[in-house]
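Shown next, in structure tokens, is the structure this report addresses.
Letters A, B, ... are given to chains in the order of the sequence lines, protein chains preceding strands, and every chain is numbered from 1. Values reported hereafter were calculated over all heavy atoms of this structure, with side chains retained and with hydrogens, waters and symmetry mates removed.
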Protein chains: 2
Amino acid sequence: MSRATVYDVAREAGVSIKTVSRVVNGSEAVTPQTRDRVMAAVTALKYVPNSNALSLKSGSSRTVGVVVDSLADPFFAAIVAVVESKLVTAGYTVLVAATNRQGAREREQVIALTRHRIAGLLLVPASSDHTYLADALHGIPLVMVDRDGELPGCDVVRVQDHDAAQEAIAGMLAAGHRRIAFVGDSNALPTNRDRHRGYLDAFAAAGVPVDPELERWDSDQPDAAAGATRALLALPDPPTAFFCCHPRGAAGTIRALHELGRTDCAMISFGDVQLGDLLDPALTVIDHRPEELAEAAVALLLRRMTESATGEVGRDPEQIVLPLQLIRRGSGELTP
Amino acid sequence: MSRATVYDVAREAGVSIKTVSRVVNGSEAVTPQTRDRVMAAVTALKYVPNSNALSLKSGSSRTVGVVVDSLADPFFAAIVAVVESKLVTAGYTVLVAATNRQGAREREQVIALTRHRIAGLLLVPASSDHTYLADALHGIPLVMVDRDGELPGCDVVRVQDHDAAQEAIAGMLAAGHRRIAFVGDSNALPTNRDRHRGYLDAFAAAGVPVDPELERWDSDQPDAAAGATRALLALPDPPTAFFCCHPRGAAGTIRALHELGRTDCAMISFGDVQLGDLLDPALTVIDHRPEELAEAAVALLLRRMTESATGEVGRDPEQIVLPLQLIRRGSGELTP
DNA sequence: CAGGGTATTGACAGCGCTGTCAAAGATGGG
DNA sequence: CCCATCTTTGACAGCGCTGTCAATACCCTG
């Protein structure tokens with residue numbers, strides 16, 4: 001009744017368990033006849049190797065952990081999808097975990113993953129303190145994705161947050177906007193701080209003063225962003241343009257503008273929004289490129305895992321920074 | 001250098017490995033002093049139990065596999081997010097796998113998961129033949145999600161595909177539409193066939209003849225749906241309304257209608273589309289409720305896993321069918 | 001046909017953990 | 001103060017698998 005093991009297959013095929021192991025793993029020399037007998041037994045008994053036993057032996061399993069803010073968020077969902085696809089091809093299974101941006105949760109989730117002796121970890125940092133990782137991972141290869149965890153010696157794959165934001169804001173300033181709202185997510189995240197610095201630097205470069213009243217850091221959810229947008233528009237000297245730090249916030253800003261009938265307000269979202277091109281005006285966005293981010297991260301992680309397995313001495317930590325592109329669709333090009 | 005084991009902790013605390021096991025698992029009686037000594041050693045050595053060893057012993061790991069069409073699709077992403085959240089709370093780790101709707105891939109992925117001796121499986125069926133599951137799962141609890149796998153004796157959590165579609169079409173017929181296009185996904189999926197039957201039954205109930213020329217089964221991607229929409233509109237006697245079987249197809253139909261400036265066409269999407277309420281006209285949808293679907297599926301799976309672990313005899317297979325709601329936002333209520 | 005290799009196969013330990021059972025220590029009634 | 005009872009702790013096997021090393025079978029050369 002229980003699942004077949006190497007012993008069952010060995011008995012069925014009239015060989016030793018070691019030979020079964022050899023055939024199943026396919027590497028070592030085995031006579032064709034023996035191989036056939038074993039394969040027949042494998043098929044007859046529906047033998048499927050127990051990866052737990054394998055992992056126990058080898059000390060690490062062919063699994064990779066992926067920790068993101070939220071699995072439902074389209075940006076992270078796109079990342080997870082690419083990661084799964086690439087890793088399955090490479091013979092790994094993917095364990096997922098969500099942090100909901102809670103630093104404490106990140107740690108719990110990572111430690112839960114280490115129980116499984118994952119071979120590698122892709123982490124979108126949620127915590128500001130990653131010193132626990134050295135002890136928790138104990139040498140397991142780690143690649144930080146999208147955000148810099150500010151852990152010395154750590155591989156990171158991220159995007160040009162600062163430059164893309166600066167370019168977007170510079171365009172709005174060039175179009176004549178002077179009061180551009182910054183609808184920010186959480187300033188605990190380095191990415192958002194980078195985007196904010198891009199915002200500030202664009203103003204500085206244009207010699208336009210910044211009004212701190214137009215900066216909000218509370219809009220990590222659509223509803224909050226909608227509220228922030230309404231509040232900003234209710235100011236005595238309201239903004240004529242909106243820069244949304246995150247597509248989730250952008251959805252709120254879009255909704256608020258839509259409800260108020262404000263099709264005159266310029267707007268740019270950091271990160272694409274589904275169907276944004278069909279809105280009126282069509283949404284100008286900075287394409288966040290989750291797929292490329294994920295591909296680069298997986299490639300780097302696979303390399304690190306190979307190095308780790310072969311005992312090869314790891315090269316210097318990599319900092320891959322992908323360039324971003326502004327997709328001008330209308331809303332960002334409106335003049336005041 | 002290597003990771004600490006029970007032996008290391010036992011040595012450090014001056015007790016036997018069994019006592020370490022007892023303290024770590026917290027159930028059996030241990031003197032407070034002993035417990036403290038062991039806990040101190042656990043902390044000092046950063047001991048984290050090896051779940052592979054545990055699983056090898058017990059024969060099954062505290063992991064659950066989730067197999068969906070695509071991890072990037074918002075509908076499945078929402079499901080996976082809820083599943084992860086609930087299962088982590090229950091002490092499980094989640095393994096994900098995508099099928100991309102390829103039946104052969106489903107089998108491969110499921111078998112890959114069984115290597116890990118998962119404790120349960122949530123499966124969105126992609127294959128039409130699930131006879132392999134009996135052998136592959138070998139008693140592992142399984143809950144089919146969203147689609148009926150047509151496997152006798154299997155638990156299923158799905159939605160009222162037929163009724164919701166019929167209601168939507170009935171509304172359009174009542175509004176005076178006589179030519180309603182069916183922009184279908186793949187007719188290999190039972191859900192889509194159910195939705196199609198709902199479509200047909202609504203016509204039959206209204207005594208309106210169906211024109212097979214208005215039925216498309218090739219629109220599983222936005223581009224294909226956009227092409228199908230354009231082709232339908234180019235017919236001599238074009239449809240005045242569109243029923244999209246799937247939000248991915250709906251995105252294409254919306255795009256095609258938008259590009260042609262056809263704000264006069266009625267349209268209903270099966271499954272919600274992000275920002276659909278901000279389009280012009282706002283999109284009428286059948287809310288597919290991925291969160292409720294996932295919650296029901298996880299609850300059922302947890303119950304089955306408990307029954308399975310305690311050797312309790314499983315009750316009859318459950319067929320949970322969630323009712324759906326039509327969200328009228330304008331596009332579905334347009335008259336011809 | 002013997003000797004020395006090569007190709008193929010097998011016996012066995014041990015990865016980290018917990019269940020079983022037994023031993024040792026603590027407690028208390030007679 | 002002794003023995004029965006309960007509590008706490010420990011020794012050991014074994015979960016399924018592969019690495020190590022040894023044994024056997026086979027082949028070729030001289």
Query raised in the report: Which listed nucleotide (C:dG14, C:dT9, C:dC17) is nearest to the side chain of A:T34?
Result: C:dT9

Query raised in the report: Just checking, any donor-acceptor pair under 3.5 angstrom between side chains of A:D155 and A:Q319?
Result: no

Query raised in the report: Looking at DNA chain C, which of residues 48-56 of chain B put a heavy atom within less than 4.0 Å of it?
Result: B:P49, B:N50, B:A53, B:L54

Query - Salt-bridge criterion met for B:K46 and A:D135 (N-O under 4.0 Å) - result: yes

Query raised in the report: Under 4.0 Å: is that the gap between some side-chain N or O of B:T31 and OP1 or OP2 of D:dT8?
Result: no

At a cut-off of 3.5 Å, list every protein nitrogen or oxygen paired with a nitrogen or oxygen from nucleotides 25-27 of chain C, distance to 0.1 Å.
none

Query raised in the report: Is any side-chain N or O of B:S58 closer than 4.0 Å to OP1 or OP2 of D:dC15?
Result: no

Report task. Go through residues 8-20 of chain B and report each residue with a non-hydrogen atom lying under 4.0 Å from DNA chain C, sorted by number. Result -> B:I17, B:K18

**Report entry** Comparing A:V24 and B:V30 on DNA chain D - which has the more 5′ nearest nucleotide
**Finding:** B:V30

**Report entry** ring pair (Phe, Tyr, Trp, His ring centres under 6.0 Å) partners of residues 90-136 of chain B, not counting sequence neighbours, each pair once
**Finding:** none

**Report entry** side chain to side chain contact (heavy atoms under 4.5 Å, CB included) partners of A:A72, counting only residues at least two apart
**Finding:** A:S70, B:A81

Query raised in the report: If you measure only the distance, is there a donor-acceptor pair under 3.5 Å linking the side chains of B:T131 and B:D129?
Result: yes

Query raised in the report: What are the residues of residues 107-118 of chain B, sorted by number, that bring a heavy atom to within less than 4.0 Å of DNA chain C?
Result: none

Query raised in the report: Taking only side-chain nitrogens and oxygens of A:Y47, does any of them come within less than 4.0 Å of OP1 or OP2 of D:dC17?
Result: yes

